[in-house]
Visitor: 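Handing you this structure, nothing more for now.
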Amino acid sequence: MKASKRIMVQGTGSSVGKSIITAGLCRLFYKAGYDTAPFKSQNMALNSFITEDGGEMGRAQVVQAEACNKKPDVRMNPILLKPTTDRKAQVILNGKVFDQMDAVGYHAYKAHLKEAVQTTFDSLVADHDVVVIEGAGSPAEINLRENDLVNMGMAEMADSPVLLVGDIDKGGVFASLYGTMKLLEPSEQARIKGFIINKFRGDVEILKPGLDMIEELTGVPVLGVVPYTVLKIEDEDSLSERFKRERDIQQKIQIEVLYLPHVSNFTDFDIFELQPDVHLRYVMRGDSIGDPDVLIIPGSKNTIEDLMYLKNAGLDEQIIRLYRKGKRVVGICGGYQILGKTIKDPHATESAIEQINGLGLLDVETIFETVKTTTQVEAVTNGFNGELKELNGQPIKGYEIHMGQSTRLSGEPLTKIHSRLGTAVDVEDGAISEDGKIFGTYIHGIFDTQAFTEQFLNVIRREKGIEESEASGL
C-alpha cells in the first residue's frame with residue numbers, strides 16, 4: 001500500500017476549467033515521476049466511456065487518466081449521473097447501472113453512497129503516489145451542502161487541501177472567489193490553500209493589484225494565472241463552448257451535427273474539428289438544417305424524446321429532404337435507432353411511450369431492453385456500397401453504450417464485430433441504405449479511426465473537386 005498524497009481542484013462554478021486544471025496537474029505529477037491517478041466522486045455528463053472491462057465512466061476522467069499515462073479505471077469516477085429527462089437521471093455506480101432517480105430522490109439517497117465513494121477512493125489511493133481530485137460545480141451551493149460527496153464533503157472524506165479555480169473570462173472573478181470563500185464554513189475555508197485564475201486575456205500587470213487585494217481580503221494566495229487558450233481536448237458536458245464557436249464558412253466540406261436535447265457522446269465528432277478543410281456546425285434548438293455534405297444524428301440518452309423533438313421541430317422533414325437531395329445522413333447509437341422504422345419500449349426503459357415510428361430511412365426495428373450493453377469493440381467495415389465501397393474492410397475500434405437492441409430487416413450490416421472486451425465474437429452491427437447515402441451504427445468512436453475517416457472525407461473531397469488528403473493530421 002502506498003502512502004498517497006492527494007490534492008483537490010474545486011471551482012467557483014461550472015465550466016470554469018476544473019477538468020483541464022486537474023488534467024494539467026495529473027500530467028505535471030506524472031512527469032515528475034509520481035504514480036498518479038485522477039478522481040471525481042460524482043460526475044454529471046452524457047459523455048461517457050467504456051473501459052476495457054466494460055465499465056462506464058465520465059470522459060473527463062478518461063482524459064485525465066491519459067495525462068497520467070493510465071488506462072481508464074471506473075474507480076476514478078465511481079458515480080456517473082446521466083440525465084434521461086429534465087427531472088431524472090440514470091445512476092451509474094462503479095461502472096454499472098445502479099438505478100434511475102429524480103433529483104430529490106438522489107439527494108436524499110446520497111448519504112447511502114458515501115461509504116461506496118470512500119471505499120473506492122481508498123482503493124485508488126492505496127495504488128498510487130498522488131491522487132488529483134476534481135470537484136463539481138461550486139462548493140458554495142449551500143442548498144446541496146448536506147450529504148455532499150463531491151466538493152467539500154469529498155475534501156473532508158479525503159482529508160485533502162483544495163485549490164479554488166475562478167474563470168476571469170466570465171467576469172466577476174474576484175467576487176466569485178471572495179463570495180465562495182465567505183459561504184463556506186471556517187473548517188472548509190481552511191482547506192483552501194490557493195486560488196487559480198483561469199482564462200485570462202491581456203497584460204497580467206493590470207491584474208496584479210486585484211491579485212494583491214483578493215489575497216489581503218481572504219488570506220489565500222493566488223498561485224497562478226492561466227492564459228486563455230483554445231485547447232483541442234475533449235469537453236465534459238453540454239456546457240462546452242464549442243457549440244457557440246463559428247468557424248470559417250469558406251472551408252470546403254460541410255458537416256452538421258444535430259444537437260439533440262439529450263445528446264450524448266458528442267466527442268464522437270471532435271475529429272472533424274482537426275480538419276482544416278471541414279466546417280463542423282452543431283444545429284442547435286431553433287436552428288434549421290443547412291445544406292451540408294453530411295448530416296449526423298448523434299447518440300442520445302433519451303432516444304424517444306429526442307425523436308419527438310425532431311418531429312415537433314419539423315427537423316424530421318428537413319432530414320428526409322436533405323437525403324432526397326443526395327446528401328449523406330449518418331446515425332450513431334441513438335441516431336441509428338432514430339433512422340430506423342420503429343422504436344419500441346415495452347419495459348418503459350426510457351419513457352411511457354411503448355412504440356413510435358422512426359424516420360424510416362433504414363430498414364431497422366429497435367426494442368429497448370432492461371440490460372445495458374457496455375463494451376469495447378473491434379470490428380471491420382462491411383456494407384458500404386456506391387462511392388463509399390472503398391471503405392469496406394477497414395478495421396474499427398470503438399465502444400457501445402445502449403439499452404436498445406436493433407434488428408436489421410434487410411440489407412447488409414455496416415460492420416462486423418469480431419471482438420468485445422477482448423473476447424472473439426461474430427456480431428453484425430448497423431445498417432446501410434441501398435444507395436449507400438444513409439448508414440447507422442452502435443459503435444461510438446467509429447470516426448476516431450484515422451484510416452476510415454481519411455477515406456470517408458476523401459470520397460467527399462473527390463465529389464466536390466477538392467484536393468484529397470493523405471495525412472491531414474488526424
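Residues: numbered from 1 along the sequence shown. Since the structure is predicted, the reported quantities are computational estimates derived from the model, not experimental observations.
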Visitor: Return yes if some donor-acceptor pair links the side-chain N/O of Lys170 with the main-chain N/O of Ser15 below 3.5 Å, else return no.
Guide: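 Yes; judged by distance alone, with no hydrogens or angles, the pair exists.
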Visitor: Would you mind telling me which of Asp306, Ile296, Ile289 makes a side-chain contact (heavy atoms from CB on, under 4.5 Å) with Leu258?
Guide: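 Exactly one candidate clears the test, Ile289.
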Visitor: Applying side-chain hydrogen bond (donor to acceptor under 3.5 Å, both in side chains) to Thr120 and Asn94, what does each step give before you reach the verdict?
Guide: CA-CA 8 Å; Thr120 302; Asn94 292 324; 3.2 Å; yes
Visitor: Look at Arg75 together with Asp127 and state whether they make a salt bridge at an N to O cut-off of under 4.0 Å.
Guide: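 Yes, charged N to carboxylate O under 4.0 Å.
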Visitor: Examine distances only and state if a side-chain atom of Arg6 and a backbone atom of Ile133 form a donor-acceptor pair shorter than 3.5 Å.
Guide: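 Checking the backbone N and O of Ile133 against the side chain of Arg6, no donor-acceptor pair under 3.5 Å is found.
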Visitor: I want to check something: taking the side chain as every heavy atom from C-beta on, are His107 and Asn147 in contact at a cut-off of under 4.5 Å?
Guide: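 Counting from C-beta outward, His107 and Asn147 never come under 4.5 Å.
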Visitor: Is it true that the NZ or CZ of Arg59 lies under 6.0 Å from the centre of Phe49's six-membered ring and within 45 degrees of the ring axis?
Guide: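 No; the conditions do not both hold, so Arg59 does not lie above the ring face of Phe49.
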Visitor: Glu134 vs Ser19, test: side-chain hydrogen bond (donor to acceptor under 3.5 Å, both in side chains). Steps then yes/no.
Guide: CA-CA 7 Å; Glu134 180 186 346; Ser19 295; 2.7 Å; yes
Visitor: Once side chain to side chain donor-acceptor pair (under 3.5 Å) is applied, what residue pairs with a partner in residues 172-188 remain, sequence neighbours excluded?
Guide: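 Pairs touching residues 172-188 that pass the test: Arg145-Glu188.
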Visitor: Is the shortest distance from a Lys or Arg side-chain nitrogen in Lys344 or Glu354 to a carboxylate oxygen in the other one below 4.0 Å?
Guide: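 Answer for the salt bridge query: no.
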Visitor: What distance do Ile92 atom CD1 and Asn43 atom CG have between them, rounded to the nearest 0.5 Å?
Guide: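 Going from CD1 on Ile92 over to CG on Asn43, the span is 11.5 Å.
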Visitor: Have Thr366 and Ser406 got a donor and an acceptor in their side chains that come within less than 3.5 Å?
Guide: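 There is such a pair (donor and acceptor under 3.5 Å, judged by atom type) between the side chains of Thr366 and Ser406.
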Visitor: Is there a donor-acceptor contact under 3.5 Å from the side chain of Asp287 to the main chain of Val283?
Guide: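 Flag not set: sc Asp287 to bb Val283 has no pair under 3.5 Å.
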Visitor: Looking only at atom types and distance, does a side-chain atom of Glu215 sit under 3.5 Å from a main-chain N or O of Pro221, one as donor and one as acceptor?
Guide: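 Absent.
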Visitor: Take atom NZ of Lys96 as the centre, draw a 6.0 Å sphere, and report whether it contains more than 12 heavy atoms from other residues, nucleotides or ligands.
Guide: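 Result for NZ/Lys96: enclosed.
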Visitor: Just by modelled atom types, is the Val150 backbone N or O under 3.5 Å from a matching donor or acceptor in the Asp148 side chain?
Guide: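 Looks like yes, one N/O pair under 3.5 Å.
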Visitor: With distance as the sole test, does Thr349 use its side chain to make a donor-acceptor pair with the main-chain N or O of Glu369 at under 3.5 Å?
Guide: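 Yes.
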Visitor: Quiz question: by atom type and distance under 3.5 Å, do the side chains of Glu115 and Gln118 form a donor-acceptor pair?
Guide: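 There is no such pair between these side chains.
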Visitor: Do the two ring centres, one from Phe456 and one from Phe447, sit under 6.0 Å apart?
Guide: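 Here the rings of Phe447 and Phe456 have centres that are less than 6.0 Å from each other.
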Visitor: If only side-chain N and O atoms count, and only distance matters, is there a donor-acceptor pair under 3.5 Å linking Glu56 with Ser48?
Guide: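 Checked: Ser48/Glu56 side chains pair up, N/O donor to acceptor below 3.5 Å.
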Visitor: I'd like a table of donor-acceptor pairs (distance under 3.5 Å, sequence neighbours excluded) in which one partner is a side-chain atom from residues 98-105, with atom names and distances.
Guide:
| unit_1 | atom_1 | unit_2 | atom_2 | d |
| --- | --- | --- | --- | --- |
| Asp102 | OD1 | Val104 | N | 3.4 |
| Asp102 | OD1 | Gly105 | N | 2.6 |

Visitor: Just to verify, what does Glu400 make a salt bridge (Lys or Arg N to Asp or Glu O under 4.0 Å) with, not counting sequence neighbours?
Guide: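 Listed in chain order: Arg420.
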Visitor: Which residues satisfy the salt bridge (Lys or Arg N to Asp or Glu O under 4.0 Å) test with Arg285, sequence neighbours excluded?
Guide: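 Residues passing salt bridge (Lys or Arg N to Asp or Glu O under 4.0 Å) with Arg285: none at all.
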Visitor: Which donor-acceptor pairs under 3.5 Å do side chains of residues 25-32 form with protein atoms, sequence neighbours excluded?
Guide:
| unit_1 | atom_1 | unit_2 | atom_2 | d |
| --- | --- | --- | --- | --- |
| Arg27 | NH1 | Ala67 | O | 3.2 |
| Tyr30 | OH | Asn69 | ND2 | 3.2 |

Visitor: Under 4.0 Å between a side-chain nitrogen and a carboxylate oxygen: does that hold for Asp448 and Lys397?
Guide: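 Looking at Asp448 and Lys397, the cut-off is not met.
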Visitor: Could you label the plane-to-plane angle of the Tyr336 and Tyr442 rings as parallel, tilted or perpendicular, counting under 30° as parallel and over 60° as perpendicular?
Guide: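 Geometry flag for Tyr442 against Tyr336: perpendicular rings.
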Visitor: Please confirm whether the backbone N or O of Leu81 pairs with a side-chain atom of Gln90, one donor and one acceptor, at under 3.5 Å?
Guide: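 Not at all, since once roles are kept as given, no pair shorter than 3.5 Å links the two residues.
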Visitor: In a table with atom names and distances, give each donor-acceptor pair under 3.5 Å that connects a side chain of residues 202-214 to protein atoms at least two apart or in another chain.
Guide:
| unit_1 | atom_1 | unit_2 | atom_2 | d |
| --- | --- | --- | --- | --- |
| Asp203 | OD1 | Glu205 | N | 2.9 |
| Glu205 | OE2 | Lys208 | NZ | 2.9 |

Visitor: Going by an N to O cut-off under 4.0 Å, is there a salt bridge joining Asp429 and Lys416?
Guide: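 No, this pair does not count.
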Visitor: Does Gly58 offer a backbone N or O that forms a donor-acceptor pair with the side chain of Lys40 under 3.5 Å?
Guide: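 Not confirmed, Lys40 side chain does not pair with Gly58 backbone.
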Visitor: Donor-acceptor pair, Ser300 side chain versus Asn302 backbone, under 3.5 Å?
Guide: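 It does hold such a pair.
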Visitor: Inspect the surroundings of CD in Glu146 and state if more than 12 heavy atoms from other residues, nucleotides or ligands are less than 6.0 Å away.
Guide: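 Atom CD in Glu146 is not packed in, count stays at 12 or less.
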Visitor: Step through the shown structure and confirm whether more than 12 heavy atoms of other residues, nucleotides or ligands are within 6.0 Å of NZ on Lys372.
Guide: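 It does: Lys372 NZ has more than 12 such atoms within range.
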Visitor: Do Tyr399 and Glu52 get their side chains close enough for a donor-acceptor pair, meaning under 3.5 Å?
Guide: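 There is no such pair (donor and acceptor under 3.5 Å, judged by atom type) between the side chains of Tyr399 and Glu52.
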Visitor: Quick check: does any side chain N or O of Thr36 sit under 3.5 Å from a backbone N or O of Tyr34, one acting as donor and the other as acceptor?
Guide: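 Flag set: sc Thr36 to bb Tyr34 pair under 3.5 Å.
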Visitor: So Ile396 and Phe452, do their side chains get closer than 4.5 Å, heavy atoms only?
Guide: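 A side-chain contact under 4.5 Å exists here.
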Visitor: Does the distance from a Lys or Arg side-chain N to an Asp or Glu carboxylate O, for Arg281 and Glu256, drop under 4.0 Å?
Guide: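 Looking at Arg281 and Glu256, the cut-off is met.
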